[in-house]
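Following: one structure in structure tokens, then a few remarks.
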Amino acid sequence: MATQHISSAPPAPALSAAYPMANPGYGKRSAPQQLPRTRDDFSLLPTRERYVAGFVDHLPEGAAMSVKQLAKQLPLYGQQAISTALTALSVAGHLRRVRCSVTNASDETRWVFRTFWSRTARDSEWWNAYLATENNSPDEAPAPEEPDAEPAPETTGVPQQRTPAQAPDTAPAQPRTAEPGPAYLALARLGRNDHRLALSADDCTALEPLATQWLDRGVSTDYLTHALTAGLPAQVDSPLGLLRRRLTDKMPPRLPTNENPSPGSPAPTRRILMECTDCGRPGQPEALPDGLCRPCRTTHSPESDKGPIPPAEATPPAEAADVRARMTNLRDLLKTV
């Protein structure tokens, strides 16, 4: 009869609403094709690794993944223990740290640091293939947080829909018949990812034109989501007003489209380098199996690569003969005394 496995790991603390998020483009990224969550997730890992993995698995996209921030939220372990646990999770196939070169709207290339996470353990071949596809994905330019400015006048706001003059004021609102667009869906998902940004259907409809302008200027819905959710205050009194201001103040520039690019100016390419989870040394994914460089992999190997202990050197025959001769002479001298 099979016995149910009960994890001995302590339950991970609940996520705080004020958990720090990384800058747009940085932080946690979830890998695709993961299995649904179950009670037996990470059951084969040691206690400390199960504790850290359960907490990281519930972090939202873009959450800060530095050892210092994780240690602040996990009081049972210090920074050194968290670092060792992340290294073990990398070897187990759940985590990879990478640095990506991305190009922003001003054609400036910079490196951003991300931690890819998979609830389902993956081997090195799967990670290498996945990161190769990430190299070919469109660029995402991280936009730094802008300082708070004076409230902009509502001249660029979305005009409110007015009912016809002949319609009574008590007429019910017409249901949305058209299929929701990507901008509407991105706004509707904000409240599910963070309760502070919960929007009503009317709020999503009012903000949809502004969000659509972002997408029309070449940004992705993932970039739009990160720009709207990064650096939120602990309490948001008016999600509609906050998002309208961010959509207006952080509107990305419209880049000119070049239908016939010259051969001498190729489009910028995206490049990904994996980092050693333990020491941070960068390299190609193929050179870092299990997410570790060769020195760190040797250090964390259960069996060190020590050679056989050399046998003790025997005394050379010539020296042995000389010692025997001296002992014989000493015995003869003692007999004559």
| field | Any donor-acceptor N/O pair, W117 side chain to V56 backbone, under 3.5 Å | value | no
| Which salt bridge (charged side-chain N to carboxylate O under 4.0 Å, His left out) pairs, counting each pair once, include a residue from residues 282-295, with sequence neighbours left out? | none
| P295 backbone acceptor or donor facing R281 side chain under 3.5 Å | no
| task | Report the relative orientation of the aromatic rings in W127 and Y130; use parallel for angles under 30°, tilted for 30 to 60°, perpendicular for over 60°. | result | perpendicular
| query | So R97 and T277, side chain to side chain donor-acceptor pair (under 3.5 Å) or not? Walk me through it. | reply | CA-CA 6 Å; R97 291 194 185 275; T277 309; 5.5 Å; no
| query | Is there a donor-acceptor pair under 3.5 Å between the side chain of S83 and the backbone N or O of Q79? | reply | no
| message | Quick one, R37 and D57 - any side-chain contact, counting heavy atoms below 4.5 Å? | response | yes
| When you look at L210 and Q213, which way does the side chain to side chain contact (heavy atoms under 4.5 Å, CB included) test go after all the steps? | CA-CA 5 Å; L210 282 174; Q213 292 183 42; 4.0 Å; yes
| Taking a hydrophobic cluster as the set of Ile, Leu, Val, Met, Phe, Trp and Tyr residues connected by side-chain heavy atoms closer than 4.5 Å, whether directly or through intermediates, do M21 and L242 fall within one such cluster? | no
| Got a donor-acceptor contact below 3.5 angstrom from the H195 side chain to the G191 backbone? | no
| query | Just by distance, do the side chain of E275 and the backbone of R96 share a donor-acceptor pair under 3.5 Å? | reply | no
| task | Could you tell me whether Y51 and F42 have their ring centroids closer than 6.0 angstrom? | result | no
| query | With distance as the sole test, does N128 use its side chain to make a donor-acceptor pair with the main-chain N or O of S124 at under 3.5 Å? | reply | yes
| task | For the pair C293 and C279, evaluate side chain to side chain contact (heavy atoms under 4.5 Å, CB included) and give the outcome as yes or no after the intermediate values. | result | CA-CA 8 Å; C293 63; C279 69; 3.7 Å; yes
| So, S43 and D40: side-chain donor and acceptor under 3.5 Å apart, yes or no? | no
| Backbone N/O of A201 and side chain of T205: donor-acceptor pair under 3.5 Å | yes
| message | Test your reading of the model: is there a side-chain donor-acceptor pair from E61 to the backbone of S30, 3.5 Å cut-off? | response | yes
| note | Tightest non-hydrogen contact, residues C276 and C296, listed as SG-SG, 3.7 Å
| said: Before you tell me yes or no, could you show the steps for T87 and L95 under side chain to side chain contact (heavy atoms under 4.5 Å, CB included), namely the whole-Å CA-CA distance, both residues' side-chain angles and the distance that decides it to 0.1 Å? | reply: CA-CA 8 Å; T87 300; L95 177 144; over 6 Å; no
| message | For a quick test of reading the model, state the closest non-hydrogen atom pair linking R246 to G231 and the distance between them. | response | NH2-O, 3.3 Å
| query | Shortest non-hydrogen contact from A211 to A183? | reply | CB-CB, 3.7 Å
| said: Between F55 and L70, is there a side-chain heavy-atom distance shorter than 4.5 Å? | reply: yes
| request: Check for a donor-acceptor pair, side chain of R114 on one end and backbone N or O of Y26 on the other, with a separation under 3.5 Å. | output: no
| request: Check the pair Q284 / L273 against side chain to side chain contact (heavy atoms under 4.5 Å, CB included), numbers first and verdict last. | output: CA-CA 5 Å; Q284 295 296 330; L273 291 177; 3.4 Å; yes
| How far apart are the closest heavy atoms of P209 and A206, and which atoms are they? | CD-O, 3.5 Å
| said: For C204 versus L187, what's the shortest heavy-atom pair and its separation? | reply: O-CD1, 3.8 Å
| query | Looking only at atom types and distance, does a side-chain atom of D123 sit under 3.5 Å from a main-chain N or O of W126, one as donor and one as acceptor? | reply | yes
| request: Can you spot which of D41, T120, L45, V52 makes a side chain to side chain contact (heavy atoms under 4.5 Å, CB included) with H94? | output: L45
| field | Same cluster (ILVMFWY, side-chain, under 4.5 Å), L232 and L207 | value | yes
| note | Closest heavy-atom pair, P20 versus Q69, reported as atoms and distance to 0.1 Å, is CG-OE1, 3.1 Å
| query | Just one of M274, K28, M65, R29 clears the side chain to side chain contact (heavy atoms under 4.5 Å, CB included) bar with F116, so which one? | reply | R29
Identify all side-chain donor-acceptor contacts of residues 233-241 below 3.5 Å with residues at least two apart in sequence or on another chain.
from, atom 1, to, atom 2, distance (Å)
Q235, NE2, D237, OD1, 3.2
S238, OG, G241, N, 3.2

